[in-house]
Chemist: 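Got a structure here, written out as structure tokens. Questions coming.
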Amino acid sequence: MSLNSKIPAGAMNEKWTDYKGHVKLVNPANKRKLEVIVVGTGLAGASAAAALGELGYKVKAFCFQDSPRRAHSIAAQGGINAAKNYQNDGDSVFRLFYDTVKGGDYRAREANVHRLAEVSNNIIDQCVAQGVPLPENMEVY
Ligand SMILES: Cc1cc2nc3c(=O)[nH]c(=O)nc-3n(C[C@H](O)[C@H](O)[C@H](O)COP(=O)(O)OP(=O)(O)OC[C@H]3O[C@@H](n4cnc5c(N)ncnc54)[C@H](O)[C@@H]3O)c2cc1C
């Protein structure tokens with residue numbers, strides 16, 4: 001039996017954008033009635049939990065370490081990649097997508113990696129806005 005990762009249908013570069021464009025909205029008055037369970041308190045889980053909490057949802061975040069701050073995310077300090085397209089850099093969403101799939105030994109879910117590449121600049125802006133302590137020597141490539 002294969003795991004259903006519930007990745008939306010459609011072309012690779014449109015799956016998540018298309019899904020986001022059609023997903024049902026939650027009436028602001030109903031947000032407090034919904035409890036969202038987030039599994040994981042690394043950058044992905046913690047930022048999702050904080051963002052959803054700020055939007056008005058009730059959120060519970062779970063992790064399996066002694067402390068939520070023991071996630072792998074706390075260990076990263078070499079740099080972070082985004083499709084910044086500095087002048088003459090030749091960077092693009094596709095290039096970041098391809099490099100990331102290759103760097104993950106072709107084992108990642110490609111549609112999700114593509115989404116990561118699409119929103120990579122926003123992710124870094126969100127990290128900064130949410131107060132993620134990026135070390136001074138952290139490079140954004
Ligand atoms: C030493 C090290 C250095 C790194 N350096 C860099 C770097 O310089 N640049 C870079 O871009 N990347 C780096 N990485 C990779 C990067 O840290 C990770 O890709 C990223 O942090 C993953 O974030 P995440 O939120 O998806 O997962 P994580 O931060 O790994 O968080 C996963 C969370 O899920 C929880 N969890 C897992 N299973 C369960 C379960 N069954 N029940 C409940 N909770 C569960 C864990 O408790 C944890 O809170 C590094 C990784 C390591 C280990």
Side-chain angles (χ1 to χ4, degrees), residues 1-28 30-141:
M1 195 176 78
S2 64
L3 189 71
N4 180 6
S5 58
K6 299 198 176 165
I7 293 170
M12 169 87 72
N13 57 345
E14 292 169 5
K15 283 174 191 276
W16 283 111
T17 307
D18 189 54
Y19 175 80
K20 206 177 161 201
H22 291 93
V23 72
K24 283 186 189 159
L25 297 175
V26 176
N27 185 318
N30 289 333
K31 283 184 179 174
R32 296 299 299 166
K33 296 178 192 160
L34 293 171
E35 191 160 58
V36 181
I37 292 175
V38 176
V39 179
T41 58
L43 268 180
S47 62
L52 288 164
E54 200 172 25
L55 283 169
Y57 293 94
K58 281 192 276 181
V59 183
K60 283 188 176 147
F62 293 89
C63 67
F64 66 9
Q65 283 98 351
D66 298 342
S67 152
R69 301 193 67 174
R70 298 297 295 171
H72 275 168
S73 295
I74 220 77
Q77 51 188 310
I80 190 166
N81 286 302
K84 287 285 285 185
N85 205 7
Y86 292 117
Q87 263 186 338
N88 298 325
D89 196 22
D91 220 350
S92 67
V93 167
F94 181 80
R95 193 170 155 204
L96 178 56
F97 158 72
Y98 183 80
D99 281 353
T100 308
V101 170
K102 192 173 166 189
D105 291 337
Y106 301 93
R107 294 169 70 201
R109 290 184 178 137
E110 294 189 358
N112 295 356
V113 174
H114 198 281
R115 185 65 180 166
L116 173 90
E118 284 168 39
V119 295
S120 54
N121 288 308
N122 301 20
I123 289 172
I124 292 167
D125 291 345
Q126 183 179 347
C127 286
V128 172
Q130 290 187 311
V132 172
L134 301 170
E136 263 177 46
N137 59 350
M138 175 77 113
E139 303 274 354
V140 177
Y141 300 105

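For clarity, every value in this text was computed on a predicted model and none was experimentally measured. For ligands, and for the atoms within them, numbers begin at 1 and follow the listed sequence.
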Chemist: Name the orientation class of the two ring planes belonging to F94 and F97 (parallel below 30°, tilted from 30 to 60°, perpendicular beyond 60°).
Modeler: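 Because their plane-to-plane angle lies in the 30° to 60° range, the rings of F94 and F97 count as tilted.
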Chemist: Do P68 and ligand 1 have an N or O pair less than 3.5 Å apart?
Modeler: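 No, no N or O pair falls under 3.5 Å.
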Chemist: Does an N or O anywhere in A44 fall below 3.5 Å from an N or O of ligand 1?
Modeler: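 N/O-N/O distance under 3.5 Å: yes.
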Chemist: Would you mind listing which atoms of ligand 1 come within a distance below 4.0 Å of any non-hydrogen atom of L43?
Modeler: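 Checking each atom against L43, I get 25 (O).
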Chemist: Give the contacting part of T41 toward ligand 1: side chain, backbone, both or neither, where contact means a heavy-atom distance below 4.0 Å.
Modeler: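 Both of them.
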Chemist: Could you list which atoms of ligand 1 come closer than 4.0 Å to a heavy atom of A71?
Modeler: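 Answer, ordered by atom number: 29 (O), 31 (O), 48 (C), 49 (O).
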Chemist: Do F64 and ligand 1 have an N or O pair less than 3.5 Å apart?
Modeler: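 For ligand 1, there is an N or O atom that lies under 3.5 Å from one belonging to F64.
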Chemist: Would you say that V132 contacts L43 through its side chain, given a criterion of any heavy-atom pair below 4.5 Å between the two side chains?
Modeler: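 A side-chain contact exists here, since the closest heavy-atom pair is under 4.5 Å.
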Chemist: Taking only heavy atoms of C63 into account, list the atoms of ligand 1 that are under 4.0 Å away from them.
Modeler: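 Once the distances to C63 are compared, the set is 43 (C), 44 (N), 47 (O), 49 (O).
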Chemist: Does the side chain of Q65 come within less than 4.5 Å of S67's, by heavy atoms?
Modeler: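 Side chain of S67 against side chain of Q65, heavy atoms only: no contact under 4.5 Å found.
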Chemist: F62 versus V38: any side-chain heavy-atom pair under 4.5 Å?
Modeler: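 Sidechains of V38 and F62: no contact.
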Chemist: Should R109 and I7 count as side-chain neighbours, where that means a heavy-atom distance under 4.5 Å?
Modeler: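 Of all side-chain heavy-atom pairs linking I7 with R109, at least one is under 4.5 Å.
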Chemist: How does R70 reach ligand 1, by side chain, by backbone, by both or by neither, if only non-hydrogen atoms under 4.0 Å count?
Modeler: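 For R70, there is no contact with ligand 1 at all, from either part.
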Chemist: Hey, does the side chain of T17 reach the backbone of E14 with a donor-acceptor pair shorter than 3.5 angstrom?
Modeler: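 No; zero donor-acceptor contacts below 3.5 Å.
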Chemist: Looking at Q77, which atoms of ligand 1 are within less than 4.0 Å of one of its heavy atoms?
Modeler: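 Answer for ligand 1: 5 (N), 7 (C), 8 (O).
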Chemist: Using side-chain heavy atoms (C-beta onward) and a distance below 4.5 Å, is N81 in contact with S120?
Modeler: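 No - every pair of side-chain heavy atoms lies 4.5 Å or more apart.
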Chemist: Who gets closest to atom 20 (C) of ligand 1 by heavy atom: S73, G103, G42, G104?
Modeler: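 It is S73 that holds the nearest heavy atom.
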Chemist: Between the side chains of E118 and H114, is a donor N or O closer than 3.5 angstrom to an acceptor N or O?
Modeler: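 A pair is found: one side chain offers a donor N or O, the other an acceptor, under 3.5 Å apart.
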Chemist: Out of A75, A76, G79, A46, who is nearest to atom 9 (N) of ligand 1 when you count heavy atoms only?
Modeler: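 Of the listed residues, G79 has the closest heavy atom.
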